Peer 1: 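Can you read through this structure? Questions will come right after.
Chain naming here is simple, since letters A, B, ... match the order of the sequence lines and numbering starts at 1 in each. Just so you know, these numbers come straight off a predicted model, no measurement behind them.
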Protein chains: 2
Amino acid sequence: MTKAKKGVRRRTALTKDRVLSAAVKLADSEGIESLSMRKLASRLRVEAMSLYNHVANKDEILDGIVDKIVSEIEVPTVGGDWRVEMHRRSTSAHEVLMRHQWATMLIVSRVNVGPAMLHFVDSTIGCLVEAGFSYAAADHAWNAIDSYVYGFTLQKLNFPFAPEEYAEVAKAYLPQIPEEQYPYLHGMSQEVIAGRHDGLHDLEFGLKLILDGLEELRGS
Amino acid sequence: MTKAKKGVRRRTALTKDRVLSAAVKLADSEGIESLSMRKLASRLRVEAMSLYNHVANKDEILDGIVDKIVSEIEVPTVGGDWRVEMHRRSTSAHEVLMRHQWATMLIVSRVNVGPAMLHFVDSTIGCLVEAGFSYAAADHAWNAIDSYVYGFTLQKLNFPFAPEEYAEVAKAYLPQIPEEQYPYLHGMSQEVIAGRHDGLHDLEFGLKLILDGLEELRGS
DNA sequence: CTTGACTCACTTACAGCGTAAGCGTAGTAT
DNA sequence: ATACTACGCTTACGCTGTAAGTGAGTCAAG
């Protein structure tokens, strides 16, 4: 053992992986806007500039934590029932992205070519192609599914109220949605207040529409 | 006229609207990351802090320019053919968002309750409700469509290559996608290189799936 | 055992950010 | 004339990412 001799206890070595893990933790707990080089360094009991011995710049950290999160998503089984696999893939992605609220934004705002992302995409295309989709059809299908999943997740993350409080929120804001100006928003609010509509948005709804359509497309 | 007397030419008065218009222009031409209070002020030949006489803070500017952009989108006609209107609304939104590349990100990352957005949503719900959808169904439909449109637009904006260069790009990157590791990504790249698949993603594809599904849902 | 190379955390510094606080002046209302 | 308001100005603070340079520790070769 070369370390810890003479009581000059070496700190646990900093590595790129430790940096990225700490970055994920920090973003999860404090929000992505709090992920600064200085705060991240201080979490690691180190100065900001020391991080640059392990990553080129902050962008490399962002790329790294995106790929770390993508690796949490369940990858489709090539050769499995395409519909089951696409469904599982989508719900898993949604769950993971809801766990790491900052991640979707990062995914859709940068080019992601980390190993986890490449593997994820490869398996997705593979599953579709093996199920009889042409490469072109698989490409379109994959793009449509992901567009929806990312868009849905972003909208859900962005919505500032919890499902339980929809009804009271609707009641509180109703005066600001005058019936003459916004008749249908007003109407929908009343549906929510009256409990006839829970106002919940559900990944399943749009996902079913897309997968149904893809099923038909595959048949032809 | 009270201004321009004694040759002490007053500068054109700063207003919130002039600030917002300049902000849109700046974001369009230099990118949203270049939209800083200082740069915006200098475009208006004014100091940064002067802007605060017309807007509370930068967030108010961001909210304002989002609503300005939303007002460019074609609003559905209540009482029109729902499918035609939803289609027009979606393609129009996509076009507008592609014109202002920074706007989608802003829309999906903040709560938008500006007048243009409220009117846009109200008309959308109205069009669907008048076409026979229940409020709950209209809510789900609208959410699914927008999730897809926003997600699709973000992915398209994010893609770093122009359609014309897909084939050569695929050829250039092929070595980095080894067949043993990523067989299907490799396969798809070869389809693109060979010209059998243009690699183009098309808003219509997923939109048709969703609208078809909604049609069926409305029938029942 | 010494020496030199290498690793890696450190300090300092800079330009840019949003914005709080306060000042000065032009124009309007009394 | 006086008071008030509107609004652009300057200054300053704490934050950001990171370029540049320093110095202490580890290790292999002579």
Peer 1: Taking only heavy atoms on the protein side, list every residue of residues 48-63 of chain A lying under 4.0 Å from any atom of DNA chain C, sorted numerically.
Peer 2: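 Heavy-atom contacts with DNA chain C come from A/Met49, A/Ser50, A/Asn53, A/His54.
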
Peer 1: Which one, D/dG17, C/dT11, D/dG8, comes nearest to the side chain of A/Arg38?
Peer 2: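 In terms of side-chain proximity for A/Arg38, the closest of D/dG17, C/dT11, D/dG8 is D/dG17.
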
Peer 1: Just distance, no hydrogens or angles: give the donor-acceptor pairs under 3.5 Å from side chains in residues 101-109 of chain B, sequence neighbours left out.
Peer 2:
unit_1, atom_1, unit_2, atom_2, d
B/Trp102, NE1, B/Asp28, OD1, 2.7
B/Ser109, OG, B/Met105, O, 2.7
B/Ser109, OG, B/Leu106, O, 3.3

Peer 1: Whole angstroms only, please: what is the CG-P distance between A/Leu14 and D/dT26?
Peer 2: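 Interatomic distance, CG of A/Leu14 to P of D/dT26: 17 Å.
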
Peer 1: Only counting residues at least two apart or in another chain, list the ones meeting ring pair (Phe, Tyr, Trp, His ring centres under 6.0 Å) with A/Phe133.
Peer 2: A/Trp82

Peer 1: Which pairs with one or both residues in residues 167-182 of chain A pass salt bridge (charged side-chain N to carboxylate O under 4.0 Å, His left out), sequence neighbours excluded?
Peer 2: none

Peer 1: Give the intermediate values and the outcome of side chain to side chain contact (heavy atoms under 4.5 Å, CB included) for residues B/Gln155 and B/His201.
Peer 2: CA-CA 10 Å; B/Gln155 297 213 72; B/His201 291 145; over 6 Å; no

Peer 1: For B/Leu40, report the nucleic acid contact type (base, sugar-phosphate, nothing); a contact means any heavy atom under 4.0 Å.
Peer 2: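 No contact.
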
Peer 1: If you look only at distance, which donor and acceptor atoms sit under 3.5 Å apart when one is on a side chain in residues 51-63 of chain A and the other is two or more places apart or in another chain?
Peer 2:
unit_1, atom_1, unit_2, atom_2, d
A/Asn53, ND2, A/Ser50, O, 3.4
A/Asn57, OD1, A/Asp59, N, 3.3
A/Asn57, OD1, A/Glu60, N, 3.1
A/Lys58, NZ, A/Leu35, O, 2.7
A/Asp59, OD1, A/Arg110, NH2, 3.3
A/Glu60, OE1, A/Ala56, N, 3.3
A/Glu60, OE2, A/Lys16, NZ, 2.9
A/Asp63, OD1, A/Arg110, NH1, 2.5

Peer 1: How would you list, by chain and number, every residue that makes a ring pair (Phe, Tyr, Trp, His ring centres under 6.0 Å) with B/Tyr182, sequence neighbours excluded?
Peer 2: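 Partners of B/Tyr182 by the ring pair (Phe, Tyr, Trp, His ring centres under 6.0 Å) criterion come out as none, since no residue qualifies.
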
Peer 1: Between D/dA12, D/dT18, D/dG8, which nucleotide gets closest to the side-chain atoms of A/Met37?
Peer 2: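 Selected nucleotide: D/dT18.
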
Peer 1: Does a nitrogen or oxygen in the side chain of B/Lys39 sit under 4.0 Å from OP1 or OP2 of C/dC17?
Peer 2: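 Yes, within the criterion.
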
Peer 1: Round to the nearest Å and state the distance from B/Ile32 atom CD1 to C/dC17 atom P.
Peer 2: 13 Å

